[in-house]
Number of protein chains: 2
Amino acid sequence: MTLPIKRIAESTVRRLSMYLRYLEGLDGVGQQTASSDELAQLCGTTPAQVRKDLSFFGSFGKRGLGYPVHELSERLRDILGLGHAWQVVIVGAGKIGSALAEYRGFRQRGFQVVGVYDKNPEKVGRPWGDAMVRDMDALADDVKEKHVDIAVIAIPADDAQEVVDQIVAAGIRAILSFAPTSLHVPPHIAVKTVNMAMELEGLSFALTNRGE
Amino acid sequence: MTLPIKRIAESTVRRLSMYLRYLEGLDGVGQQTASSDELAQLCGTTPAQVRKDLSFFGSFGKRGLGYPVHELSERLRDILGLGHAWQVVIVGAGKIGSALAEYRGFRQRGFQVVGVYDKNPEKVGRPWGDAMVRDMDALADDVKEKHVDIAVIAIPADDAQEVVDQIVAAGIRAILSFAPTSLHVPPHIAVKTVNMAMELEGLSFALTNRGE
DNA sequence: ATAACTTTGTGAAGAATTTCACAAGCCTCC
DNA sequence: GGAGGCTTGTGAAATTCTTCACAAAGTTAT
């Protein structure tokens, strides 16, 4: 793969992820090639955007024909690092953690859940898929010993920063947070936050101020 | 409120939502004023960004002093349209829908869940909070009759577009989707999509290509 | 083999967003 | 009431991201 010299925009990465999803769909029904125009329509973007995004990483298409569906899928999986078997822990055994556990795409894509943690004694010890819920006290040690890559934070906002500090100290490398708070971490840690309140309020704003 | 002449960037709206969250916290502990610097640190952004964001809507601060916490909270609630009692339906009675139902901030902020729908006959009729799960067939009619504003889509990607088409025809105005697919809607409909796979793959990318 | 058609890859232009930097305003203290 | 210290509000600059537009290259048909 041509290494990205420039910093790649987050929006580009998000779109790559989307291209991959649709390419896999096309691959599944045996389609051989797809044009930037077709991908753009599927993903709700523009052909120029598709071509530009892909061009950061190399030139994968054939002029006059489009992109080879199967091969581009593989390339995108490489680019996105989906070849690895990332070690994931889920922190918080509530509904959100539960929803995540149910989510198939998780394991399918190489995200391997190696532990679920909760501080509530009633939940500790309960079965959870193949494993069981462990006590939060064990989290930091486990992260260190098992070289966990990613932690999914599904606990209340007030507890989140403290837990994050612990697992950062224990060597976590990336965090996906569902806690409605901004997390402070050292710059080498990758963080994504999904904030439902923010999304809803974005809709509320759109409904209120539309037509402007 | 000074009406926004310019189109307001989505990123700005997201930050407004975050400012509001922290301002409410400060208000709760009786803090009278907050500077753009303090807000920026809390929210993980820059003071200039805070001031610029707020300046789109008016000038709420006092030089030398900062922003009045309580008053700015109220203004932000107005701006974000959180005075309304938005009517919300949840489509899909699975784990994600369930997690949403559990989410307090929902009702707190004026989002009123008036119905939960599922096409699975086993789930239809089950209790759900105060109400019960209704059959998906009733969704479009209910949206029309009850003037539902927002639909939360928590069903598989393959079913999502069809349902969305129905409720758009029935007069829905905004959609929050958890289906990992891009939804096609007329331009006057507000749509937000939360895509867990995309977030995880963003982290995978960061872990793979960091240090560049 | 040629012509007509399609589609990529990409500099350059354009648009959007963030950051800078500083004048103006408000507060406090003496 | 004047000086000193903060902090806002905001044009302008810088940066980032998207769109344009077209040459180059491949395909298909004849």
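Computed from a predicted structure; not experimentally measured. Residue numbers start from 1 in every chain, and the chains themselves are labelled A, B, ... in the order their sequence lines are given, proteins ahead of strands.
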For the atom pair [atom1] ([X]) and [atom2] ([Y]), what is the distance rounded to the nearest 0.5 Å?
{"X": "A:L176", "Y": "A:T193", "atom1": "CG", "atom2": "OG1", "value": "8.0 Å"}
{"X": "B:I175", "Y": "B:K192", "atom1": "CD1", "atom2": "NZ", "value": "13.0 Å"}
{"X": "B:T181", "Y": "A:M18", "atom1": "OG1", "atom2": "CE", "value": "9.0 Å"}

Most 5' of A:L65 and B:A48 on DNA chain D, judged by nearest nucleotide: B:A48
[X] [atom1] to [N] [atom2], straight-line distance once rounded to whole Å:
{"X": "B:F56", "N": "D:dT8", "atom1": "CZ", "atom2": "C1'", "value": "15 Å"}
{"X": "A:E38", "N": "C:dT6", "atom1": "CD", "atom2": "P", "value": "16 Å"}
{"X": "B:R51", "N": "D:dA12", "atom1": "CZ", "atom2": "P", "value": "17 Å"}
{"X": "A:D53", "N": "D:dC17", "atom1": "CG", "atom2": "C1'", "value": "10 Å"}
{"X": "A:E10", "N": "D:dC17", "atom1": "CD", "atom2": "C1'", "value": "13 Å"}
{"X": "A:K62", "N": "D:dG26", "atom1": "NZ", "atom2": "P", "value": "9 Å"}
{"X": "A:K52", "N": "C:dA15", "atom1": "NZ", "atom2": "C1'", "value": "14 Å"}
{"X": "A:F60", "N": "C:dT8", "atom1": "CZ", "atom2": "C1'", "value": "13 Å"}

Minimum-distance nucleotide to B:T12 side chain [options: C:dT18, C:dT17, D:dT27]: C:dT18
Do the side-chain N or O atoms of [X] get closer than 4.0 angstrom to the phosphate oxygens (OP1, OP2) of [N]?
{"X": "B:S36", "N": "D:dT8", "value": "yes"}
{"X": "A:S59", "N": "C:dT8", "value": "no"}
{"X": "A:S11", "N": "D:dT18", "value": "yes"}
{"X": "A:Y67", "N": "D:dG26", "value": "no"}
{"X": "A:Q49", "N": "D:dC17", "value": "no"}
{"X": "B:R7", "N": "C:dT17", "value": "yes"}

Whether over 12 other heavy atoms sit under 6.0 Å from A:E10 CD: no
A:N195 side-chain N/O to A:P180 backbone N/O, donor-acceptor pair under 3.5 Å: no
No-H, no-angle donor-acceptor pair, A:R63 side chain to C:dT8 base, under 3.5 Å: yes
